[in-house]
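These numbers were taken from a predicted model, which means no experiment stands behind them. Numbers restart at 1 for each chain; the letters A, B, ... are given by sequence-line order, proteins then strands.
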Amino acid sequence: MAALKYELIKKCKQTGARLGVVHTPHGSFETPVFMPVGTQATVKGMTPDELKEIDAKIILSNTYHLYMRPGNELVREAGGLHSFMHWDRPILTDSGGFQVFSLSDLRNITEEGVTFKSHIDGSKHVFTPELVMKIQNDLGSDIIMSFDECIPYPADHDYAKKSLERTTRWAKRCKEAHKNTEKQALFGIVQGSVYKDLREQSARELVELDFPGYSIGGLSVGEPAEDMYKMLECTVPLLPEDRPRYLMGVGSPDYLIEGAIRGIDMFDCVLPTRIGRNGTVMTSRGRIIARDAKYARDFSPLDPECDCYACRNYTRAYIRHLLKAQEVLGIRLTTWHNLKFLLDLMKKVRQAIMDDRLGDFRNEFFAAYGYKL
RNA sequence: GGAGGGGUUCCCGAGCGGCCAAAGGGGGCAGACUGUAAAUCUGUUAUCUGACGAUUUCGAUGGUUCGAAUCCAUCCCCCUCCA
């Protein structure tokens with residue numbers, strides 16, 4: 001039996017967006033889904049029970065970080081990542097491909113793989129597709145990513161092409177190295193920067209390799225939103241209908257809705273947790289910087305339309321006070337709220353697909369949030 | 001009573017004749033953050049002006065000097081030690 005099954009429930013008549021269910025060894029989740037990021041085997045500031053309370057169905061963790069610390073062998077000894085971190089629902093692990101991008105001054109890329117200098121102690125490590133598979137097999141996540149190169153924006157066509165072709169070769173090596181196919185589903189990652197022909201080439205090459213799901217990477221790295229949407233429009237139609245499509249690293253409300261409209265099923269992003277820790281919250285009426293002085297005497301909740309733990313029990317004035325005083329509860333509450341906000345947003349997106357009105361929902365949401373239509 | 005040290009912009013604290021509206025912290029204010037090297041980073045913080053620039057600041061008052069937070073005099077506070 002395969003580790004992953006995608007079930008298409010229905011398509012929105014208004015937009016073509018997909019409502020589906022993904023089945024994994026640790027349970028199922030409805031799509032489109034937002035996955036909170038827990039890089040170091042923890043969603044910063046949240047316990048697994050709290051994540052369940054806000055109805056998170058699947059979370060993300062990271063190959064590079066867990067390999068560096070505490071080490072994949074240790075996680076395996078602990079009984080795998082689920083057991084180690086006390087999370088029994090699905091987990092997706094990223095391959096370290098994003099660290100190829102974000103730790104660019106600490107690494108060197110060759111055909112064989114990527115040599116990293118550890119950001120922790122400077123020690124040298126070589127990541128190959130085979131090692132990345134071994135690490136993720138040790139971690140035991142339900143959905144694993146092939147090792148890719150996430151290139152910066154802007155990138156010239158020539159480099160983007162060479163890079164995507166190497167990413168395809170690495171994907172092939174990943175597929176050959178990955179033996180635990182009944183417990184862990186391996187996704188290939190589409191690259192190609194903002195070039196239509198390259199995105200199409202990448203998608204075709206990966207589909208040829210037949211993965212149980214497909215990721216779209218290398219977007220939301222600084223390119224204009226319009227470019228990202230165009231890339232989705234030319235990529236998604238080339239991906240098989242019976243497999244989930246995962247847009248990596250995307251998490252602002254507009255991107256989530258626009259992504260769903262273009263046929264994306266899965267999203268992850270550090271945005272809600274990071275901006276929460278830095279004092280910004282997303283509300284039904286747009287973003288607010290909760291630290292700002294104008295909320296010092298605002299005794300209303302962060303978002304009057306939200307029923308999360310923070311909004312049920314605390315005021316903007318109190319949360320602002322906690323943030324200013326650098327109390328951990330402050331960033332816990334903003335994190336909690338932001339995650340609940342996005343998880344609720346995706347619930348509404350799924351309902352709108354069910355009701356064939358995602359286009360209307362988009363317009364209503366954009367107007368309330370303050371986005372341009 | 002004697003000997004010494006000190007009072008700097010919201011706070012702490014550097015500066016010790018011009019390059020000083022005054023380093024550096026802190027605090028305040030504002031902004032950014034999108035497969036997490038992030039509870040981080042950036043900007044700003046005398047007044048007036050869009051800007052050039054102008055004006056008032058370094059305990060107080062007077063003075064020396066082309067020019068003073070910086071030198072001198074007097075005064076007012078604070079701290080340490082001795083009696």
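In this structure, R332(A) forms no cation-pi arrangement with W336(A), as its terminal cationic atom is not both closer than 6.0 Å to the ring centre and no more than 45° off the ring axis.
Within 6.0 Å of the NE2 atom in H86(A), the count of heavy atoms belonging to other residues, nucleotides or ligands does not exceed 12.
Atom C1' of rC11(B) sits at a distance of 34 Å from the matching atom of rU64(B), rounded to the whole Å.
You won't find any donor-acceptor pair under 3.5 Å spanning the side chain of S102(A) and the base of rU36(B), going by distance alone.
The partner of rA68(B), taking Watson-Crick or G-U wobble pairs whose two distances both stay under 3.5 Å, does not exist in any strand shown.
Of the candidate nucleotides rU36(B), rG35(B), rU34(B), rG35(B) has the atom nearest to the side chain of D148(A). With rA38(B), rG31(B), rU34(B) as the candidates, the nucleotide lying closest to the side chain of D292(A) is rG31(B).
A close approach under 4.0 Å does occur between a side-chain nitrogen or oxygen of Q99(A) and OP1 or OP2 of rU36(B). Side-chain N/O atoms of S220(A) include none lying less than 4.0 angstrom from OP1 or OP2 on rU34(B). Applying the 4.0 Å criterion to OP1 and OP2 of rC29(B), one finds that K324(A) has a side-chain N or O inside that range. At the phosphate of rC33(B), neither OP1 nor OP2 sits under 4.0 Å from any side-chain N or O atom of T280(A).
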Nucleotide-resolved protein contact map, nucleotides 39-47 of chain B, B/S/- at heavy-atom distance under 4.0 Å: BB-------

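Here R262(A) pairs with E258(A) in a salt bridge; the nearest charged N to carboxylate O distance falls below 4.0 Å.
Residue D94(A) is the one, among D94(A) and R274(A), whose nearest nucleotide of RNA chain B lies closer to the 5' end (criterion: closest heavy atom).
Interface residues of residues 224-238 of chain A facing RNA chain B, ordered by number: none; criterion, heavy-atom separation under 4.0 Å.
Whole-Å rounding puts the L219(A) CG to rU34(B) C1' distance at 11 Å.
Residues D49(A) and T47(A) bring no donor and acceptor atom of their side chains to less than 3.5 Å of each other. Between the side chains of H125(A) and Y67(A), a donor-acceptor pair is found at a separation under 3.5 Å.
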